[in-house]
Amino acid sequence: MGLTIYAFPPSPRSFKVLWTAHYLELDHEFVRVDLRKGDQRTPQSLTRNPNGRAPFIDDDGYVL
């Protein structure tokens with residue numbers, strides 16, 4: 001599975017996370033979470049991240 005980044009690129013907070021992953025050349029999967037559509041509050045997203053915020057990272061089950 002590895003590192004998965006759930007983010008909305010236009011968001012400054014998400015951009016920082018994506019930029020850092022790119023800069024450190026981390027092998028990762030990117031999943032777009034559209035904040036305008038409320039994707040961060042879907043039942044599927046809330047299962048992974050109960051805070052309902054983005055960006056968040058899933059590293060083999062450890063969610064930050």
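FYI, side chains are in, hydrogens and waters are out, and symmetry mates aren't considered; it's all heavy atoms of this structure.
For the atom pair CD1 (Ile57) and CG (Asn49), the distance works out to 11.0 Å, reported to the nearest 0.5 Å. Distance check, rounded to the nearest 0.5 Å: NE2 of His28 to CG of Leu18 gives 6.0 Å. For the atom pair NZ (Lys37) and OG1 (Thr42), the distance works out to 12.5 Å, reported to the nearest 0.5 Å.
Of all heavy-atom pairs spanning Pro9 and Ala7, the tightest one is CD-O, 3.7 Å. The heavy-atom pair separating Asp60 from Gly2 by the smallest distance is OD1-N, 2.8 Å.
The hydrophobic cluster containing Leu24 also contains Leu3, counting ILVMFWY residues as joined when their side-chain heavy atoms lie under 4.5 angstrom apart, directly or transitively. Side-chain heavy atoms closer than 4.5 Å link hydrophobic residues (I, L, V, M, F, W, Y) into clusters, and following such links, even through other members, never connects Ile5 to Tyr62. Follow the hydrophobic side-chain contacts under 4.5 Å out from Val33 and you never reach Leu46; the two are in separate clusters. Criterion: ILVMFWY side-chain heavy atoms under 4.5 Å apart, direct or through other members. Under it, Leu64 and Val17 are not part of a common hydrophobic cluster.
Heavy atoms of other residues, nucleotides or ligands lying less than 6.0 angstrom from CG of Asp27 number 12 at most. With a 6.0 Å radius and a threshold of 12 heavy atoms from other residues, nucleotides or ligands, Arg32 has its CZ atom above the threshold. Within a 6.0 Å sphere centred on CZ of Phe15, other residues, nucleotides and ligands contribute 12 heavy atoms or fewer.
The shortest side-chain heavy-atom distance between Phe56 and Gln40 does not fall under the 4.5 Å cut-off.
Formation of a donor-acceptor pair under 3.5 Å by the Ser45 side chain with backbone atoms of Arg41 is not found in this model.
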